[in-house]
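What follows is a set of notes on a single structure, which appears directly below.
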Amino acid sequence: MANTEGRNQTSITEFVLLGFRDLPELLALLFLLFLVIYVVTLAGNILIVALVVADRHFHIPMYFFLGNLSCLETCYTSTLLPRVLASFLTGDNTISVSGCMTQFYFISFFADAECYLLAVMSYDRYSVICKPLHYAALMNTRFCLPLAAGSWINGFLAVIVIVLMLQLTFCGPNKIDHLYCESTEMLNLYCNGTNQIELVITILAAIFTLPPVVLTMMSYVCIIFTILRIPSTAGRQKAFSTCSSHLIVVTIFCGTLIIVYLLPKTNTLRDLNKVFSVCYTILTPMANPFIYSLRNKEVKEALRKIVSKCVDFTRN
């Protein structure tokens, strides 16, 4: 009660996203950097989706899940970076309360969905390496479609947090020290009653990160033991190369989520929160096409054929 009385319970209609306002001399450089990141992210992920849809050679479970991941990453980045780029250009860092809630929901939705999609992809890698003779039966269309759909549907549970947040009152100040409407920063602006929301956010973060991480770890323990039993060095290297990319992305994405939402909020972690958030919301979507697909020989060959056809078409 004392906390409520000590703060102005005004009707807040908009927030100010501080972002990098403490670095005004770097705003032009940051705009160019984020613009390049956004263009590369869109181009890389849309290209992967187009290849998976258009080329029948990619109509297999691994590329089906990659196509879903690229589609998800395209949407994920588009909920954040256009708003950031606009604020760099115009200098307007304000966002309405409803716009802030909408942005927070979609960022949470795509992050939750990606956690489970990455876990599904780890199971696919486990099946192809540990149970190659049963792979076609295990990862058939009737099984893959529900797995991908379930990953997307899981994201809708983020609406629980939004419903709870809409029940409370903002007191002010209306400044959010972040690039976007991030939940831990928004909770600092409520008058009271945030304990319940913090508990729900922690529980949902645990539900959406820990089970996928555990499933991925179990899959890779089995994968490593299987790889070690392969007699030839070349065979072991080939088997591990099919999984290393996925393991890198899972470590970066889920690791930063765990640090931001599950670890105790020390002063050091609060200061690094913005950096970790950039890792899983901006850098991972940009890196995914390169880590997963664009270094893959099959994808490179498909791209080479497309470029050759385009060149021949322009010449004719």
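Heavy-atom basis, side chains included; hydrogens, waters and symmetry copies ignored.
- If you chain together hydrophobic residues whose side chains sit under 4.5 Å apart, V49 and I60 never meet in one group.
- Side chain of H134 to backbone of V128: no donor-acceptor contact under 3.5 angstrom is found.
- Hydrophobic clustering, with ILVMFWY side chains joined whenever heavy atoms are under 4.5 angstrom apart, keeps V221 apart from M218.
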I would like to know whether V97 and E14 meet side chain to side chain contact (heavy atoms under 4.5 Å, CB included); could you show each step before the answer?
CA-CA 5 Å; V97 173; E14 64 182 18; 5.7 Å; no

I'd like a table of donor-acceptor pairs (distance under 3.5 Å, sequence neighbours excluded) in which one partner is a side-chain atom from residues 248-257, with atom names and distances.
from: T251; atom 1: OG1; to: L247; atom 2: O; distance (Å): 2.7
from: T256; atom 1: OG1; to: I252; atom 2: O; distance (Å): 2.8
from: T256; atom 1: OG1; to: F253; atom 2: O; distance (Å): 2.9

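- Sorted by first then second residue, the disulfide (SG to SG under 2.5 Å) pairs that include residues 200-235, not counting sequence neighbours, number zero.
- How far SG of C71 is from CG of L66: 12.5 Å, rounded to the nearest 0.5 Å.
- L210 is linked by a side chain to side chain contact (heavy atoms under 4.5 Å, CB included) to A206, I258, L262, counting only residues two or more places apart in sequence or in another chain.
- No side-chain heavy atom of T79 sits under 4.5 Å from any side-chain heavy atom of Y180.
- Judged by distance alone, the side chain of H178 and the main-chain N or O of L17 form no donor-acceptor pair under 3.5 Å.
- With rounding to the nearest 0.5 angstrom, the CE atom of M186 is 4.0 Å from the CE atom of M101.
- Pairing each heavy atom of T77 with each of P82, the nearest pair is O-CD, 3.7 Å.
- Residues F143 and Y126 fall within the same hydrophobic cluster, defined by Ile, Leu, Val, Met, Phe, Trp and Tyr side chains chained together at heavy-atom separations under 4.5 Å.
- With sequence neighbours excluded, the residues forming a side chain to side chain donor-acceptor pair (under 3.5 Å) with T94 are D92, listed by chain and number.
- Residues forming a side chain to side chain donor-acceptor pair (under 3.5 Å) with Q103 (at least two apart in sequence, or on another chain): none.
- Contacts of Y105 classified as ring pair (Phe, Tyr, Trp, His ring centres under 6.0 Å), with partners at least two apart in sequence or in another chain: none.
- Partners of S78 according to the side chain to side chain donor-acceptor pair (under 3.5 Å) rule, which considers only residues two or more places apart in sequence or in another chain, are Y38.
- Atoms CZ and CD1, on R125 and I223 in that order, are 8.0 Å from each other to the nearest 0.5 Å.
- For the atom pair CG (L179) and CG (L81), the distance works out to 9.0 Å, reported to the nearest 0.5 Å.
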Does the side chain to side chain contact (heavy atoms under 4.5 Å, CB included) test come out yes or no for F64 and L145, once each step is laid out?
CA-CA 9 Å; F64 170 71; L145 286 176; 3.6 Å; yes

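- Residues M139 and C144 share a closest heavy-atom pair of O-SG, 3.7 Å.
- Checked against disulfide (SG to SG under 2.5 Å), C100 has the following partners two or more places apart in sequence or in another chain: C181.
- Residues P289 and I48 come closest through the heavy atom pair CB-CG1, 4.3 Å.
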Extract all donor-acceptor atom pairs below 3.5 Å that involve side chains of residues 109-124 and protein atoms in other chains or at least two apart in sequence.
from: Y116; atom 1: OH; to: I207; atom 2: O; distance (Å): 2.8
from: S122; atom 1: OG; to: A119; atom 2: O; distance (Å): 2.5
from: D124; atom 1: OD1; to: Y135; atom 2: OH; distance (Å): 2.5

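- Here the closest heavy-atom approach between residue Y63 and residue F58 is recorded as CB-O, 3.1 Å.
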Show me the donor-acceptor pairs, under 3.5 Å and distance only, between side chains in residues 147-166 and residues at least two apart or in other chains.
from: S151; atom 1: OG; to: L147; atom 2: O; distance (Å): 3.0
from: W152; atom 1: NE1; to: N68; atom 2: OD1; distance (Å): 3.1
from: N154; atom 1: ND2; to: G150; atom 2: O; distance (Å): 3.1

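- Cluster membership check: V213 does not share its hydrophobic cluster with L215, using side-chain heavy-atom separations under 4.5 Å among Ile, Leu, Val, Met, Phe, Trp and Tyr.
- Both I282 and L33 sit in one connected hydrophobic cluster of ILVMFWY residues. Membership requires side-chain heavy atoms under 4.5 Å apart, directly or through other members.
- To the nearest 0.5 Å, atoms CD1 (I107) and OH (Y280) are separated by 7.5 Å.
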Starting from the C-alpha separation in whole Å, work towards a yes-or-no answer on side chain to side chain contact (heavy atoms under 4.5 Å, CB included) for L85 and L89.
CA-CA 6 Å; L85 292 172; L89 274 181; 6.0 Å; no

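- Taking a 6.0 Å sphere around CZ of F106, one finds it holds 12 or fewer heavy atoms contributed by other residues, nucleotides or ligands.
- The side chain to side chain donor-acceptor pair (under 3.5 Å) with E73 is formed by just one residue from the set N45, T41, N288; it is N288.
- Checked against side chain to side chain contact (heavy atoms under 4.5 Å, CB included), T226 has the following partners two or more places apart in sequence or in another chain: I129, C130, R229.
- With values rounded to the nearest 0.5 angstrom, S127 atom OG is found 5.0 Å from L138 atom CG.
- Side-chain heavy-atom separations under 4.5 angstrom define the hydrophobic clusters, and the remaining members of the one that includes L228 are I224.
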